[in-house]
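Report on one structure; see the data block that follows.
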Protein chains: 2
Amino acid sequence: MFLGTYQNKIDDKNRMAVPAKFRDQLGGKCMLTKGFDECLYIYTMEDFEVMAAKIAALPQSDADFREFIRDFFGNSELCELDGQGRIKIPQNLREYAHITKDLVTTGAMNKVEIWSAETKADFDLAKKMKDSKFTDKLREFSI
Amino acid sequence: MFLGTYQNKIDDKNRMAVPAKFRDQLGGKCMLTKGFDECLYIYTMEDFEVMAAKIAALPQSDADFREFIRDFFGNSELCELDGQGRIKIPQNLREYAHITKDLVTTGAMNKVEIWSAETKADFDLAKKMKDSKFTDKLREFSI
DNA sequence: TGATTTTACCCCACTTTTCCCCACTTTATC
DNA sequence: GATAAAGTGGGGAAAAGTGGGGTAAAATCA
């Protein structure tokens with residue numbers, strides 16, 4: 001299980017150090033994909049396989065599914081960690097997540113989320129907590 | 001599995017460099033076909049055989065199927081990669097996909113899609129308009 | 001058929017990018 | 001404070017991408 005939040009930087013060669021706590025679970029390589037909310041996800045190979053298998057079974061004759069398949073696989077990358085535990089983040093994914101310099105990496109159960117620090121700040125939970133409607137929503141789930 | 005998105009150019013001799021990540025899976029040659037959505041597909045020889053068998057098995061009594069079969073095989077080409085890992089894209093397929101200079105090559109599971117950069121940009125823009133529909137779909141498959 | 005033009009393709013050369021490796025800095029641990 | 005682990009930066013070799021020349025094959029036309 002991936003837990004905790006870390007501050008990172010991406011360097012001029014577009015490399016990001018995967019927090020050491022996450023490395024053992026990934027075993028030297030991982031799948032980097034486009035996530036919701038303009039962040040990126042890191043999945044273990046196993047979890048990615050599960051999703052990929054489901055998606056690959058969709059009919060190509062459906063235009064919406066074609067678009068979806070293209071978007072999903074076109075924005076997924078197999079990343080091998082280098083000697084220093086870093087992965088390279090490709091251009092298309094950097095652009096999607098507005099990644100330039102400062103990052104926030106956060107464990108989210110079965111995946112790791114990678115955020116641009118600025119984007120994360122905008123989405124910050126504290127901001128949403130100010131909205132009383134959100135706590136109302138949580139109350140429905142007894143949280 | 002074909003993954004990721006790459007920027008390419010087609011040169012004056014109508015050659016396109018196949019992204020290095022895709023070359024091993026293709027093994028020196030590939031099938032280039034007309035795809036849906038005004039892009040081209042690259043299949044491995046094996047996957048093309050599967051696709052071709054399915055299409056050839058469509059009932060010839062149906063005029064729509066006859067036309068589809070004609071269109072599919074008439075716009076398929078066996079391409080051998082040259083010493084630099086490039087393939088030549090024939091005129092009929094260039095025209096279909098509006099290919100002039102800049103390309104986007106994207107992995108889509110069992111095939112590679114080749115897009116004119118302009119066409120892809122238009123397509124992506126159109127997709128943003130109906131994005132909510134798309135993200136709903138993503139939600140069904142994400143874990 | 002033979003001459004001329006066009007196209008294909010093999011090969012070489014140059015530029016850009018990638019990635020492996022080493023070294024230094026910072027943070028954590030005892 | 002000492003030691004180890006994690007994070008960061010960068011050099012340099014190798015690979016990938018790009019352009020183009022030259023020759024052979026194919027197509028076109030007289």
Side-chain angles (χ1 to χ4, degrees), chain A residues 2-32 40 42 74 76-95 99-107 112-117 120, chain B residues 2-32 40 42 75-95 99-107 112-117 120:
Chain A
F2 298 108
L3 296 172
T5 299
Y6 301 86
Q7 252 80 164
N8 303 60
K9 286 189 177 72
I10 193 164
D11 66 19
D12 293 343
K13 290 181 177 180
N14 302 314
R15 296 174 301 188
M16 185 203 76
V18 175
K21 287 261 172 69
F22 298 155
R23 285 179 203 164
D24 286 348
Q25 293 174 75
L26 295 173
K29 58 185 172 178
C30 63
M31 293 301 307
L32 184 65
L40 307 179
I42 291 175
S76 294
E77 198 79 30
L78 171 59
C79 296
E80 310 218 13
L81 280 71
D82 71 10
Q84 277 76 253
R86 293 175 291 198
I87 55 171
K88 182 181 169 288
I89 302 181
Q91 186 193 0
N92 53 321
L93 293 178
R94 288 200 311 276
E95 283 174 3
I99 288 172
T100 51
K101 190 75 192 167
D102 292 306
L103 306 176
V104 176
T105 307
T106 175
V112 176
E113 294 187 357
I114 302 172
W115 291 79
S116 152
K120 182 72 162 62
Chain B
F2 297 109
L3 297 172
T5 301
Y6 301 87
Q7 253 71 206
N8 302 60
K9 287 189 175 74
I10 193 165
D11 66 19
D12 294 341
K13 292 180 178 180
N14 301 314
R15 296 173 301 186
M16 184 202 77
V18 176
K21 288 257 172 71
F22 298 156
R23 285 179 204 163
D24 287 348
Q25 294 172 76
L26 295 173
K29 58 184 172 180
C30 61
M31 293 301 303
L32 184 65
L40 307 179
I42 292 175
N75 290 294
S76 293
E77 196 86 20
L78 171 59
C79 295
E80 310 219 12
L81 280 71
D82 72 10
Q84 276 78 255
R86 293 175 290 200
I87 54 171
K88 182 181 169 291
I89 301 180
Q91 188 191 0
N92 56 323
L93 292 178
R94 287 202 309 277
E95 284 174 2
I99 288 171
T100 50
K101 188 75 191 167
D102 292 304
L103 306 176
V104 175
T105 308
T106 176
V112 176
E113 296 187 354
I114 303 172
W115 290 77
S116 152
K120 183 75 160 58

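Letters A, B, ... are given to chains in the order of the sequence lines, protein chains preceding strands, and every chain is numbered from 1. Keep in mind that this is a model prediction, so the values were computed, not measured.
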What I'd like to find out is whether the side chain of Ile87(A) reaches to under 4.5 Å of the side chain of Glu80(A), using heavy atoms alone.
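SC-SC contact between Ile87(A) and Glu80(A) ruled out.
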Lys9(B) side chain near Asp102(B) side chain, heavy-atom distance below 4.5 Å
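Yes, close enough: below the 4.5 Å cut-off.
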Nearest whole Å is fine: how far is [N] [atom2] from [X] [atom1]?
X        : N       : atom1 : atom2 : value
Leu81(B) : dA8(C)  : CG    : P     : 17 Å
Asp82(B) : dA16(D) : CG    : P     : 14 Å
Asp12(A) : dC19(C) : CG    : P     : 16 Å
Gln84(A) : dC19(C) : CD    : C1'   : 11 Å
Lys29(B) : dC9(C)  : NZ    : P     : 14 Å
Gln91(A) : dT18(C) : CD    : P     : 9 Å
Lys21(A) : dT29(C) : NZ    : P     : 7 Å
Asn14(A) : dT18(C) : CG    : P     : 8 Å

dG7(D) base to Arg15(A) side chain: any donor-acceptor pair below 3.5 Å?
no
Base of dG9(D) paired with side chain of Arg86(A) (donor-acceptor, under 3.5 Å):
yes
Could you give the angle between the helix axes at the two ends of the helix from dT1(C)-dA30(D) to dC30(C)-dG1(D), with five pairs per end, rounded to 10 degrees?
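Taking five pairs per end, the axes differ by 30°.
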By nearest atom, which of the nucleotides dA6(D), dG19(D), dT8(D) is closest to the Lys9(A) side chain?
dT8(D)
Indicate, with a heavy-atom threshold strictly under 4.0 Å, whether Lys13(B) touches base, sugar-phosphate, or nothing.
base
Pick from Phe2(B), Trp115(B), Phe22(B): which one makes a side-chain contact (heavy atoms from CB on, under 4.5 Å) with Thr105(B)?
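Per the side-chain contact (heavy atoms from CB on, under 4.5 Å) rule, the option paired with Thr105(B) is Phe22(B), out of Phe2(B), Trp115(B), Phe22(B).
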Whether over 12 other heavy atoms sit under 6.0 Å from Lys21(A) NZ:
no
Are any side-chain N or O atoms of Thr5(B) and backbone N or O atoms of Gly74(A), one a donor and one an acceptor, separated by less than 3.5 Å?
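Present.
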Measure from the side-chain N and O atoms of Asn8(A) to the backbone N and O of Ala17(A), and report whether any donor-acceptor pair falls under 3.5 Å.
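Checking the backbone N and O of Ala17(A) against the side chain of Asn8(A), a donor-acceptor pair under 3.5 Å is found.
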What is the distance from atom CG of Asp82(B) to atom NZ of Lys13(B), rounded to the nearest 0.5 Å?
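Between atom CG of Asp82(B) and atom NZ of Lys13(B) there are 10.0 Å.
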Any side-chain N or O of Lys88(A) less than 4.0 Å from the OP1 or OP2 oxygen of dT18(C)?
yes
DNA chain D: 5'-proximal contact among Ile10(B) and Asn8(A) (nearest heavy atom):
Asn8(A)
